[in-house]
Amino acid sequence: MRLRPDFFKRTTTTVARELIGKYLVRRIGRRTVAAMITETEAYHGPCDRASHASRGKTARTQIMFGPPGSWYVYFVYGMHHCANVVTGPEGFPAAVLIRAVDMPSSHGPARLCKALRIDRQLNGLPSRNAHIWIEDRGVHIPRTHILCGPRIGVAYAGAWASKPWRFTLAVQSATLRHIGRSKFRKKRRR
DNA sequence: CGCGGGATTGACT
DNA sequence: GTCAATCCCGCGT
């Protein structure tokens, strides 16, 4: 089922952790492409020096101050896009960057945007819309299979650079499918 | 209005 | 490991 705004309204790090194992779904023409989210980062609040919102509300960052669940897509390095979902209560600037999904050639925030045709046309849209959304498909990731560590590419952010706000799936998707199957078999036998 | 730098990637040494 | 690509943003003037 598609995630509702209430899912995103919670603490950014909680949302970032719980997005691991959810599915990013994108309509491309007549096709619908879905891929499991495997890596995220939390950008939390006006004091987080790694966050775009640390410079206050601007034309670009106003999305982060808006309602939870909105898509925040920005252009960076003159050639790349990055996809985020706004988190926390309205007025509190925060978002989760989707850094990787389980798809060939889509590891990395810019590569997944390229693979799923995500660009600034989607910026500001509500999380659930006709073109892109996030689904819970009932995949349970044990907490021990999610690693956290410092965020990437934010060395300029001083003490905020070392916050363990990056979440990664610790096992390969093939392993995950295997675990899922064995659990399924156990259940069926009982 | 000019300038410095970026929540990245891929190519090359 | 280093570095270029290349546009937009945010800030200082």
Side-chain angles (χ1 to χ4, degrees), chain A residues 3 7-22 24 26 28 33 35-89 91-127 132 134 146-170:
Chain A
L3 299 183
F7 178 92
F8 301 102
K9 194 174 182 175
R10 301 170 298 157
T11 302
T12 316
T13 47
T14 302
V15 176
R17 188 188 301 107
E18 292 194 13
L19 278 177
I20 303 295
K22 300 296 189 292
L24 178 58
R26 171 78 164 125
I28 302 173
V33 181
M36 195 177 73
I37 296 169
T38 58
E39 182 178 348
T40 60
E41 278 177 1
Y43 289 85
H44 183 74
C47 302
D48 179 1
R49 300 300 294 174
S51 171
H52 294 163
S54 67
R55 299 186 182 277
K57 190 188 280 192
T58 66
R60 177 173 64 153
T61 63
Q62 59 172 336
I63 300 285
M64 292 183 75
F65 290 77
S70 306
W71 288 100
Y72 171 47
V73 182
Y74 63 85
F75 187 67
V76 74
Y77 295 122
M79 63 190 78
H80 297 309
H81 295 274
C82 290
N84 307 248
V85 191
V86 173
T87 58
F92 183 83
V96 170
L97 169 67
I98 302 175
R99 284 194 59 90
V101 295
D102 182 29
M103 256 182 78
S105 307
S106 62
H107 202 259
R111 294 178 73 182
L112 80 85
C113 283
K114 188 180 177 190
L116 295 175
R117 311 274 202 273
I118 295 171
D119 61 28
R120 282 183 299 175
Q121 288 187 3
L122 301 174
N123 189 40
L125 293 181
S127 64
I132 188 169
I134 299 175
I146 298 176
L147 303 178
C148 63
R151 295 170 291 181
I152 301 295
V154 296
Y156 57 84
W160 296 86
S162 55
K163 298 273 186 192
W165 288 354
R166 173 178 173 238
F167 300 89
T168 55
L169 183 61

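Keep in mind that the numbers below use all heavy atoms, side chains included, and drop hydrogens, waters and symmetry copies. The sequence lines fix the lettering, A, B, ..., with proteins before strands; numbering per chain opens at 1.
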Participant: In whole angstrom, give the distance that lies between atom CH2 of A/Trp160 and atom C1' of B/dG6.
Facilitator: 20 Å
Participant: Can you check whether A/Arg99's main-chain N or O pairs, donor with acceptor, with A/Glu41's side chain at less than 3.5 Å?
Facilitator: no
Participant: What's the OH-C1' distance between A/Tyr74 and C/dC7, to the nearest Å?
Facilitator: 14 Å
Participant: Partner lookup for C/dT6, please. Criteria are Watson-Crick or G-U wobble with both distances under 3.5 angstrom; report none if nothing qualifies.
Facilitator: none
Participant: Between P on C/dG10 and CZ on A/Arg49, what's the gap in Å once rounded to a whole number?
Facilitator: 13 Å
Participant: Measure the distance from CZ on A/Arg55 to P on C/dC8 and round it to the nearest whole Å.
Facilitator: 19 Å
Participant: Quick one: does A/Trp71's side chain have a donor or acceptor within less than 3.5 Å of a partner on A/Val85's backbone?
Facilitator: no
Participant: How are the rings of A/His80 and A/Tyr77 set relative to one another: parallel (under 30°), tilted (30 to 60°) or perpendicular (over 60°)?
Facilitator: perpendicular
Participant: Rounded to whole Å, please give me the gap between CZ in A/Arg120 and C1' in C/dC8.
Facilitator: 7 Å
Participant: Would you say B/dA7 has OP1 or OP2 under 4.0 Å from some side-chain N or O of A/His52?
Facilitator: yes
Participant: Using Watson-Crick or G-U wobble geometry with both distances under 3.5 Å, which nucleotide pairs with C/dC11?
Facilitator: B/dG2
Participant: Using the side-chain heavy atoms of A/Met64, tell me which of these nucleotides is nearest: B/dA7, B/dT8, C/dC8.
Facilitator: B/dA7
Participant: Name the nucleic acid region contacted by A/Thr61, choosing base, sugar-phosphate or nothing; use a 4.0 angstrom heavy-atom cut-off, strictly under.
Facilitator: sugar-phosphate
Participant: Among C/dG10, C/dT6, B/dA7, which is the nearest nucleotide to the side chain of A/Thr58?
Facilitator: C/dG10
Participant: Measure from the side chain of A/Arg60, starting at C-beta and using heavy atoms only, and say which of C/dT6, C/dC7, C/dC9 lies closest.
Facilitator: C/dC9
Participant: Determine whether a donor-acceptor pair (N or O, by modelled atom type, separation under 3.5 Å) exists between the side chain of A/Arg55 and the backbone of A/His52.
Facilitator: no
Participant: To the nearest Å, give me how far apart OH (A/Tyr77) and C1' (C/dC3) are.
Facilitator: 13 Å
Participant: Once you round it to whole Å, what is the distance between P of C/dC8 and CG of A/Asn123?
Facilitator: 13 Å
Participant: Using atom C1' of each nucleotide, how far apart are C/dG1 and B/dA7 to the nearest Å?
Facilitator: 23 Å
Participant: With a 4.5 Å cut-off on side-chain heavy atoms, are A/Leu97 and A/Arg151 touching?
Facilitator: no
Participant: Measure the distance between the ring centre of A/Tyr43 and the centre of the six-membered base ring of B/dA7, then answer whether it is under 5.5 Å with planes under 30°.
Facilitator: yes
Participant: Nearest whole Å is fine: how far is B/dG10 P from A/Arg111 CZ?
Facilitator: 4 Å
Participant: Between B/dT8, B/dA7, C/dC8, spot the one nearest the side chain of A/Ala110, thanks.
Facilitator: B/dT8
